[in-house]
Amino acid sequence: MTPDRAISLIKERFGLEAAGEGRSLTVEGVPVEGWQEFFDFAKETLGCRFFSFLTAVDWKEQGVEVVCRVENLDEGVGILAKCRLGADLRCPTLTGRYRGADWMERECYDMFGVRFEGHPDLRRILLSQDWEGHPLRKDYAVDTPHAPYR
């Protein structure tokens, strides 16, 4: 699958613009309600079976965005998809589509407070269970008192 063909299929199916540089595509504005459908399409139609990473970015005034990259290793095409979340910071899980999403979604929950609906074990992974707040959020006070990290 060529990047140009992938771009046209994404536009045709979802109405989203995809921009590419080389064999890497970026798709911005994937709606939260279509997040799982988009990755079903990426996996089955575009052949992106390799889950590379998932994280979040807190843009402060613009809100939190989940960013995920999957790749078609046979064709050498990668897709970076971005989804802007609402104030409730909820996003459907990708664990049923990609096993590699499990711990990365837990890390995203731990650091940013994003709740991945349908995740089989959504709990903190880096910080203790009694930790208050989410340290990579822009509204997290850096001088927040906490017990020493062990």
Side-chain angles (χ1 to χ4, degrees), residues 1-140:
M1 166 105 23
T2 67
D4 290 338
R5 177 72 178 135
I7 289 171
S8 67
L9 287 173
I10 291 168
K11 185 168 185 166
E12 178 182 308
R13 172 79 181 269
F14 297 98
L16 298 170
E17 295 295 326
E21 184 174 312
R23 301 193 68 78
S24 183
L25 306 177
T26 300
V27 181
E28 300 208 27
V30 177
V32 71
E33 60 275 358
W35 186 244
Q36 290 176 326
E37 181 186 353
F38 180 83
F39 283 98
D40 285 341
F41 176 79
K43 189 172 188 177
E44 300 307 320
T45 305
L46 304 179
C48 295
R49 289 175 174 70
F50 179 77
F51 182 87
S52 185
F53 70 85
L54 180 139
T55 191
V57 179
D58 185 349
W59 293 106
K60 201 168 185 173
E61 289 85 21
Q62 293 87 12
V64 174
E65 184 176 65
V66 174
V67 180
C68 182
R69 182 173 173 88
V70 293
E71 300 182 40
N72 178 335
L73 297 177
D74 296 329
E75 305 287 335
V77 175
I79 296 176
L80 183 76
K82 300 178 180 184
C83 174
R84 184 85 51 184
L85 302 180
D88 62 354
L89 297 181
R90 294 190 181 275
C91 184
T93 185
L94 294 178
T95 55
R97 287 134 185 93
Y98 297 100
R99 286 182 25 204
D102 185 358
W103 283 28
M104 290 187 191
E105 286 181 352
R106 284 181 61 190
E107 180 181 7
C108 199
Y109 163 71
D110 200 0
M111 296 288 110
F112 291 94
V114 176
R115 295 198 169 274
F116 290 92
E117 297 188 335
H119 191 283
D121 188 20
L122 191 62
R123 59 189 164 100
R124 291 193 181 267
I125 191 170
L126 298 173
L127 302 172
S128 63
Q129 296 303 315
D130 61 346
W131 192 280
E132 292 184 22
H134 304 281
L136 294 183
R137 294 279 308 272
K138 299 286 185 182
D139 58 2
Y140 186 79

Could you give the distance from CE (M104) to OG1 (T55), rounded to the nearest 0.5 Å?
-> 9.0 Å

Does a side-chain heavy-atom distance below 4.5 Å link V30 with C68?
-> no

Looking at D58 and L136, what are the two nearest heavy atoms and their distance?
-> CB-O, 4.2 Å

Does a sphere of radius 6.0 Å around CZ in R13 hold more than 12 heavy atoms from other residues, nucleotides or ligands, not counting ones at 6.0 Å or beyond?
-> yes

Audit row: T95, E105, side chain to side chain donor-acceptor pair (under 3.5 Å) steps and yes/no | CA-CA 8 Å; T95 55; E105 286 181 352; 4.7 Å; no

Can you find a heavy atom in the side chain of D139 that is under 4.5 Å from one in the side chain of K60?
-> no

Within a strict 4.5 Å, meaning less than it, do heavy atoms of the L126 and E107 side chains meet?
-> yes

Does a side-chain heavy-atom distance below 4.5 Å link I7 with E17?
-> no

Apply side chain to side chain contact (heavy atoms under 4.5 Å, CB included) to V57 and K82, showing your working.
-> CA-CA 10 Å; V57 179; K82 300 178 180 184; over 6 Å; no

Indicate yes or no: at least one non-hydrogen side-chain atom of R23 is less than 4.5 angstrom from one of E71.
-> no

Which pairs with one or both residues in residues 50-82 pass ring pair (Phe, Tyr, Trp, His ring centres under 6.0 Å), sequence neighbours excluded?
-> F51-Y98

Here the gap from R49 atom CZ to K43 atom NZ, rounded to the nearest 0.5 Å, amounts to 7.5 Å

Nearest-0.5 Å distance that lies between atom CZ in R90 and atom CD in E33 = 15.0 Å

Looking only at non-hydrogen atoms, find the nearest pair between L122 and R115 and report the distance.
-> CD2-CA, 3.9 Å

Under 6.0 Å from the NZ atom of K11, do we count more than 12 heavy atoms belonging to anything else shown?
-> no

Smallest heavy-atom separation, D121 atom then H119 atom, equals N-ND1, 2.9 Å

How long is the span from the OG1 atom in T45 to the CG atom in N72, to the nearest 0.5 Å?
-> 11.5 Å

Minimum heavy-atom separation for R84 to Q62, with atom names?
-> CD-O, 3.2 Å

Please name the pair of heavy atoms, one in C48 and one in V70, separated by the smallest distance, quoted to 0.1 Å.
-> CB-CG2, 3.6 Å

Between CG of L46 and CZ of R5, what distance do you get to the nearest 0.5 Å?
-> 9.5 Å

Tell me yes or no: between the side chains of S128 and D130, is some donor less than 3.5 Å from an acceptor?
-> yes

State, to 0.1 Å, how close G29 and L16 come at their nearest heavy-atom pair, and which atoms those are.
-> O-CD2, 3.5 Å

Between CD of Q129 and CZ of R124, what distance do you get to the nearest 0.5 Å?
-> 7.5 Å

F41 vs F38 aromatic rings, parallel, tilted or perpendicular, using cut-offs 30° and 60°?
-> tilted

Within-4.5 Å side-chain heavy-atom neighbours: L89 and F112 = no

Given side chains that start at C-beta, do those of C108 and L54 come closer than 4.5 Å, heavy atoms only?
-> yes

Please report the C-alpha distance between V66 and W35 in whole Å, then the side-chain angles of each, then the deciding distance to 0.1 Å, and finally whether the side chain to side chain contact (heavy atoms under 4.5 Å, CB included) criterion is met.
-> CA-CA 10 Å; V66 174; W35 186 244; 3.8 Å; yes

Test side chain to side chain contact (heavy atoms under 4.5 Å, CB included) applied to V32 and L85, step by step = CA-CA 7 Å; V32 71; L85 302 180; 4.0 Å; yes

